[in-house]
Amino acid sequence: LAGLLFKAGGVPFHFWVPDAAQGTGATAATFLTTVPKVGALVAVYRLVATVSAGDGSWLLVAALLATASMVLGNLAAYWQTDPRRLLGWSTVAQVGFLLVPVAAAGRSDLALPSLLFYLAAYAVTNVAAFAVTAALPEHRELAAYRGLARARPGLALALLVALLGLVGTPPLAVFVGKLTTATAAWDGGHGWLALVVMLSSVLSLFYYLRWFGPVFARPDRDAAGFPGRGGAAAWPAVTAGVAAVASLVLGVLAGALWAALEGPLLM
């Protein structure tokens, strides 16, 4: 379990995630905060579901680890000024949310489908957020994004969708993921964990607002400009737009996708 949590970046084996997100290139940071989480968390679910048969203490361990990741990730993100480091701590918090259905393994029919849906929703939303930072590689402070909405409205809109998605705002996909994982926790006998999910979602809004503010503020005359739509910044901007749209579509079509997930899993 410790090895898988290290891969996933969950507390208490999270220490490498914000450093890696800040210190490496945007493409590598996007990969490290997305792809390993999918495999590691599916493996965590299978492990806990297997070893917890007849032993609810493992489910309680998963619930406590989920709580620790949500709380620490959100609180640590408050003090960050580098957008990639902020997203790194946000990833730690998201791993906590993703561990919530693990605490309901074997006790709720919603547990596995909610985990799989949340993983898909988190992946596209996280890609959108990191793609924006890749499109603006020289802007390594939140304050440097001041005036982005006027200079690059499309990029600002993609960032808005990504950050609101990570908060869990309807109708974006992560909202459905958080709602179903919280419901799974409730069904699994961890009502307090469902409450932690809701409170942590509200808590995360405040540090994302620190990024929203400069983006939609009036630009300073002496502020550094934003690169144009062409050149090396073109592909990350397109990626951000496509991923943001995917997050919205995934949320709107959640009902049909949920039926597709739930059907084979219950057979």
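Numbers for residues simply follow the sequence, beginning at 1.
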Could you walk me through whether Lys37 and Val17 pass the side-chain contact (heavy atoms from CB on, under 4.5 Å) check? CA-CA 11 Å; Lys37 314 306 176 203; Val17 179; 4.1 Å; yes
For Ala20, is there any backbone N or O sitting under 3.5 Å from a side-chain donor or acceptor partner on Thr24? no
Tell me whether Leu64 is reachable from Val92 by hopping between hydrophobic residues (I, L, V, M, F, W, Y) whose side-chain heavy atoms are closer than 4.5 Å. yes
Determine whether Leu136 and Leu155 satisfy the following criterion, side-chain contact (heavy atoms from CB on, under 4.5 Å), listing intermediate values before the conclusion. CA-CA 10 Å; Leu136 304 170; Leu155 203 59; 3.9 Å; yes
Could you tell me the separation between the CE atom of Met70 and the OG atom of Ser204, rounded to the nearest 0.5 Å? 11.0 Å
Could you measure the distance from the CG atom of Asn126 to the OG1 atom of Thr30? Nearest 0.5 Å is fine. 7.0 Å
Where is the tightest heavy-atom contact between Arg152 and Ala237, given as atom of each residue plus distance? NH2-CB, 3.7 Å
Shortest non-hydrogen pair, Phe216 vs Ala156, comes out as CZ-O, 4.4 Å
Rounded to the nearest 0.5 Å, the CD atom of Gln80 sits from the CH2 atom of Trp211 at a distance of 12.0 Å
Is the backbone of Gly165 close enough, under 3.5 Å, to the side chain of Thr169 for a donor and an acceptor to pair up by distance? no
What I'd like to find out is whether the side chain of Leu203 reaches to under 4.5 Å of the side chain of Leu199, using heavy atoms alone. no
What orientation do Trp16 and Phe6 show, parallel under 30°, tilted 30 to 60°, or perpendicular over 60°? tilted
Could you walk me through whether Val95 and His14 pass side-chain contact (heavy atoms from CB on, under 4.5 Å), step by step? CA-CA 10 Å; Val95 170; His14 62 284; over 6 Å; no
Compare every heavy atom of Thr181 with every heavy atom of Val100, then report the nearest pair and how far apart it is. CG1-O, 3.4 Å
Looking at Arg146 and Arg218, would you say the former's side chain and the latter's main chain have a donor-acceptor pair under 3.5 Å? yes
Between Ser69 and Ala66, is there a donor-acceptor pair closer than 3.5 Å when you use the side chain of the first and the backbone of the second? no
Report yes if some heavy atom in the side chain of Thr239 is under 4.5 Å from a heavy atom in the side chain of Phe130; otherwise report no. no
Is any side-chain heavy atom of Leu248 closer than 4.5 Å to one of Pro171? yes
Distance (rounded to the nearest 0.5 Å) between Thr67 OG1 and Leu65 CG: 8.5 Å
Do you see a donor-acceptor pair shorter than 3.5 Å between the side chains of Tyr122 and Thr34? no
Taking Lys7 for its side chain and Pro36 for its backbone only, find out whether a donor-acceptor pair lies under 3.5 Å. no
May I ask whether Trp192 and Trp58 are part of the same hydrophobic cluster, defined by side-chain heavy atoms of I, L, V, M, F, W, Y residues being less than 4.5 angstrom apart, directly or through others? yes
Any chain of hydrophobic side-chain contacts (each under 4.5 Å) joining Trp186 to Tyr45? no
Does the side chain of Val176 reach to within under 4.5 Å of the side chain of Leu257, using non-hydrogen atoms? no
pair Leu119-Leu41: side-chain heavy atoms closer than 4.5 Å: yes
Of Thr133, Asp82, Thr81, the residue whose pairing with Arg140 passes side-chain hydrogen bond (donor to acceptor under 3.5 Å, both in side chains): Asp82
Spatial distance of atom OG1 (Thr183) from atom CG (Leu179) [nearest 0.5 Å]: 4.5 Å
Side chains of Ser247 and Thr125, donor plus acceptor under 3.5 Å: yes
Minimal heavy-atom distance between Phe117 and Leu250, with the atoms involved, is CZ-O, 3.7 Å
Shortest non-hydrogen contact from Ala240 toward Val132: CB-CG2, 3.8 Å
Side-chain heavy atoms under 4.5 angstrom apart, residues restricted to Ile, Leu, Val, Met, Phe, Trp, Tyr: same cluster for Trp89 and Val127? no
Applying a strict under-4.5 Å side-chain criterion to I, L, V, M, F, W and Y, I'd like to know whether Val11 and Trp79 cluster together. yes
What's the spacing between Gln94 CD and Tyr118 OH if we round to 0.5 Å? 4.0 Å
So is Lys178 actually on top of Phe97's ring, under 6.0 Å and inside 45° of the axis? yes
Heavy-atom distance under 4.5 Å between the side chains of Arg107 and Leu59, does that happen here? yes
Classify the angle between the aromatic ring planes of Phe206 and Tyr78 as parallel (below 30°), tilted (30 to 60°) or perpendicular (above 60°). parallel
Candidate pair Tyr208 and Ser90, rule side-chain contact (heavy atoms from CB on, under 4.5 Å), full reasoning: CA-CA 9 Å; Tyr208 289 126; Ser90 171; 2.4 Å; yes
Show the nearest heavy-atom pair for residues Ser108 and Gly188, with the distance to one decimal. CB-N, 4.4 Å
